[in-house]
Amino acid sequence: MKERKKGGKARKAFGAGKAWQALAAILCLCALSLGCMGCAAGREPMETDEGGSGRESVRMQEPDYGGRQVLSPEKVETAILKEEISAYPLAAESQDVGSIEKQQQLKKEFEELKAAFTDLEAIEVYTTANVKVRTAPSTEADMVLLAEKGSVFLKNGEGGGWSRVVTQEGVYYIKSEYLREKKKAGEGSHVVAIDAGHQNKANTEKEPIGPGASETKMKVTGGTRGTTTGLYEYELTLMVSEKLRTELENRGYQVYMVRETHDVDISNSERAKMAYDSGAEIFVRIHANGSENSKANGAMTICPTQKNPYVSDLYADSQRLSSLILDGLTASTGCKRERVWETDTMSGINWSELPVSIVEMGYMTNPEEDRKMAQEDYQQLIAAGIADGIDAYFAE
């Protein structure tokens with residue numbers, strides 16, 4: 001405002017012909033202009049550098065709007081963004097309209113599928129494979145977990161090829177084809193004795209090869225070892241035996257384990273006696289094979305011959321058990337089916353008082369088979385296959 005007044009006086013003086021006054025007015029105007037520019041320059045923040053030039057920046061004072069809260073452009077933009085996220089959460093997740101509509105449609109379909117379920121009396125079931133557990137009875141529903149084979153659930157509903165299961169976390173759905181009812185062992189249940197072959201330390205002492213025999217063999221050997229994995233046979237046999245026990249118990253069998261640790265000293269004849277004393281109906285001995293030929297592969301089972309001098313009366317049942325177990329194992333794993341080897345050289349068979357079979361799961365001297373047998377999933381397939389054979393044996 002001062003600038004304008006002084007400028008007006010200057011023009012008036014100039015018009016009156018007073019040159020000296022005009023000159024003075026012009027000089028005043030120049031001085032005022034220079035003064036305003038200096039003020040403006042003083043209000044602007046000065047540059048600073050990290051090297052420490054000694055110059056200080058001037059902090060600008062925020063304007064006073066009479067107590068009203070006025071947001072800067074940046075704050076206004078942030079506030080709008082927050083409002084949009086709150087009002088349109090799906091849009092904030094970069095989901096287009098088509099995706100939102102599809103989700104809404106799927107949700108409606110899921111609710112209709114759930115409503116169509118038939119309620120059942122709750123029963124325990126177990127998974128027959130590694131299976132996906134979902135939030136709704138549809139392959140398009142979210143997966144909450146991958147349940148390992150042998151996992152136990154409480155089932156209370158069924159519909160459209162799906163089963164409704166209840167867990168501590170909530171209600172979920174599994175395809176019915178991968179579930180089987182878990183039967184509780186009770187009176188009349190079949191009893192199976194399982195012997196995980198070998199042990200941590202061999203016992204080189206000798207025992208008769210059969211009752212009353214003059215020929216003797218080592219009481220128990222340490223077994224073979226994986227040429228690729230380094231896994232010992234006694235370790236592998238217990239891994240599979242434990243899985244077989246779980247599989248059989250899930251199917252309603254009673255199971256007796258000859259050994260459950262590696263640190264034991266049990267001869268082959270003692271193992272056969274322990275199986276008989278347990279009240280078991282059959283004796284299944286879990287082993288793995290070895291060969292000088294690294295290409296040898298496949299599974300076999302072993303039983304006595306028809307003319308066995310010690311247990312010929314067990315031949316028919318032992319041969320049938322061995323054949324059915326081999327069928328189940330090879331079908332489950334897809335491995336090569338070698339044969340049912342009938343021999344009278346095995347003291348663990350010759351001392352048995354029950355139908356007996358030795359299961360040679362595969363060759364630990366074959367690199368590929370050795371690696372497979374060391375895997376949990378493949379061990380589970382072996383256990384399931386053996387259990388299938390045992391099912392077939394008792395079904396006939």
- prompt: Would you say E124 and L154 make side-chain contact, with heavy atoms under 4.5 Å?
  reply: yes
query: Step by step, would you call M364 with N289 a side chain to side chain contact (heavy atoms under 4.5 Å, CB included)?
result: CA-CA 6 Å; M364 300 189 80; N289 225 333; over 6 Å; no
- prompt: Looking only at heavy atoms, which two atoms of C335 and Y378 are closest? And how far apart?
  reply: CB-OH, 3.6 Å
- request: Report yes if the side chains of V220 and Q199 come closer than 4.5 Å at any heavy-atom pair, otherwise no.
  value: yes
query: Cluster question for you: counting only ILVMFWY and a side-chain heavy-atom cut-off of under 4.5 Å, with indirect links fine, are F283 and L248 together?
result: no
field: K219 bridged to E270 by N-O distance under 4.0 Å
entry: no
query: Distance under 6.0 Å and angle within 45° of the ring axis: does R225 meet both against Y232?
result: yes
query: Do the side chains of I194 and V264 join up, straight or via other hydrophobic residues, at under 4.5 Å, putting them in one cluster?
result: no
message: Tell me whether E158 is salt-bridged to K155, with the criterion being a basic N under 4.0 Å from an acidic carboxylate O.
response: yes
- request: Please say whether more than 12 non-hydrogen atoms of neighbouring residues, nucleotides or ligands are located less than 6.0 Å from CD in Q375.
  value: yes
task: Would you kindly confirm whether I325 and M257 end up in one hydrophobic cluster when ILVMFWY residues are joined by side chain heavy atoms under 4.5 Å apart?
output: yes
message: To check you understand the geometry: which heavy-atom pair defines the closest contact between C303 and V340, and what is its length?
response: SG-CG1, 3.9 Å
field: Trace of the side chain to side chain contact (heavy atoms under 4.5 Å, CB included) decision for Y172 with M143
entry: CA-CA 9 Å; Y172 302 110; M143 182 183 79; over 6 Å; no
task: Could you walk me through whether H287 and E360 pass side chain to side chain donor-acceptor pair (under 3.5 Å), step by step?
output: CA-CA 5 Å; H287 285 255; E360 299 284 358; 4.8 Å; no
message: With heavy-atom distances below 4.5 Å as the criterion, would you say the side chains of R164 and V171 are in contact?
response: yes
query: Can any side-chain N or O of D195 pair as donor or acceptor with the backbone N or O of V258 at less than 3.5 Å?
result: no
message: With a 4.5 Å cut-off on side-chain heavy atoms, are E121 and N156 touching?
response: no
- request: Determine the minimum heavy-atom distance between Y393 and I282, stating which atoms define it.
  value: CE2-CG2, 3.5 Å
Under 3.5 Å: donor-acceptor pair, side chain of S323, backbone of Q319: no
message: Tell me whether T330 contacts the main-chain N or O of K336 through its side chain, where contact means a donor paired with an acceptor under 3.5 Å.
response: no
query: What's the spacing between W162 CH2 and T139 OG1 if we round to 0.5 Å?
result: 6.0 Å
Side-chain donor-acceptor contact under 3.5 Å, Y126 with E249: no
field: Contact summary for P304 and N308, nearest pair of heavy atoms
entry: CB-ND2, 3.7 Å
- request: Taking all non-hydrogen atoms of both residues into account, name the closest pair between P208 and S347 and its distance.
  value: O-CB, 4.5 Å
- prompt: Should the pair R245-E260 be classified as a salt bridge under the 4.0 Å nitrogen-to-oxygen rule?
  reply: yes
message: Going by side-chain hydrogen bond (donor to acceptor under 3.5 Å, both in side chains), D370 matches just one of T365, T227, T224, T229. Which one?
response: T229
- line: When rounded to the nearest 0.5 Å, the distance separating OG of S357 from CD1 of I349 is 7.0 Å
task: Look at the rings of F394 and Y253 and say which category their plane angle falls in: under 30° parallel, 30 to 60° tilted, over 60° perpendicular.
output: tilted
field: Sidechain-backbone polar pair: R134 side chain, Y173 backbone, donor-acceptor under 3.5 Å
entry: no
- prompt: From M373 CE over to E233 CD, what is the distance, rounded to the nearest 0.5 angstrom?
  reply: 8.5 Å
- prompt: In Å, rounded to the nearest 0.5 Å, how long is the span from NZ of K114 to CD of E109?
  reply: 13.0 Å
message: Can a donor-acceptor pair be found, under 3.5 Å and without considering hydrogens, that links the side chain of N366 to the backbone of S294?
response: yes
message: I'd like to know if the side chain of E369 and the backbone of G362 have a donor-acceptor N/O pair within less than 3.5 Å.
response: no
- line: Exactly one candidate in I358, L326, I386 meets side chain to side chain contact (heavy atoms under 4.5 Å, CB included) with T301; the answer is L326
field: Reported CE-to-CG distance for the pair M361 and L381, which is rounded to 0.5 angstrom
entry: 13.0 Å
- prompt: Got a sec: does the OH of Y178 have more than 12 other heavy atoms crowding it under 6.0 Å?
  reply: no
Test item: D388 side-chain N/O and S332 main-chain N/O as donor-acceptor pair under 3.5 Å: no
statement: In this structure, CD of E242 is separated from OG1 of T237 (nearest 0.5 Å) by 9.5 Å
Pair T305-D344, side-chain donor/acceptor within less than 3.5 Å: yes
R180 versus N250, side-chain donor and acceptor atoms under 3.5 Å: no
message: Between F110 and L106, is there a side-chain heavy-atom distance shorter than 4.5 Å?
response: yes
query: Is the centre of the H262 ring less than 6.0 Å from the centre of the H198 ring?
result: no
- prompt: Does any non-hydrogen side-chain atom of W351 lie less than 4.5 Å from one of N268?
  reply: no
message: Are more than 12 heavy atoms, taken from residues, nucleotides or ligands other than Y256, located less than 6.0 Å from that residue's OH atom?
response: yes
field: Residues, nucleotides or ligands: over 12 heavy atoms within 6.0 Å of E368 CD
entry: no
- request: Begin from the C-alpha positions of L324 and R320 and carry the test side chain to side chain contact (heavy atoms under 4.5 Å, CB included) through to its verdict.
  value: CA-CA 6 Å; L324 292 170; R320 183 167 64 88; 3.9 Å; yes
E353 side-chain N/O to A272 backbone N/O, donor-acceptor pair under 3.5 Å: no
field: Cationic N near anionic O, under 4.0 Å, D263 to K201
entry: no
ILVMFWY network linking V125 to V131, side-chain heavy atoms under 4.5 angstrom: yes
message: Please give me the minimum heavy-atom distance between V133 and A147, naming the atom from each residue.
response: CG2-CB, 3.9 Å
- request: Using atom types as modelled and distance alone, determine if a side-chain donor or acceptor of R259 lies under 3.5 Å from a backbone N or O of A196.
  value: yes
Validation row: I174, F153 side chains within 4.5 angstrom (heavy atoms): yes
- prompt: Heavy-atom count around E396 CD within 6.0 Å, excluding the residue itself: above 12?
  reply: yes
query: Is S318 reaching over with its side chain to a backbone N or O of P355, donor-acceptor style, under 3.5 angstrom?
result: no
Heavy atoms from other residues, nucleotides or ligands near NZ of K273 exceed 12 (cutoff 6.0 Å): no
- prompt: Is any side-chain N of the basic residue among E247 and K243 closer than 4.0 Å to the acidic one's carboxylate O?
  reply: no
message: For residues L354 and Y315: do they belong to one hydrophobic cluster (side chain heavy atoms under 4.5 Å, members Ile, Leu, Val, Met, Phe, Trp, Tyr)?
response: no
- prompt: Between K108 and E111, does at least one N-O distance fall below 4.0 Å, as a salt bridge requires?
  reply: no
task: Would you mind reporting whether V284 and I390 have side-chain heavy atoms less than 4.5 Å apart?
output: yes
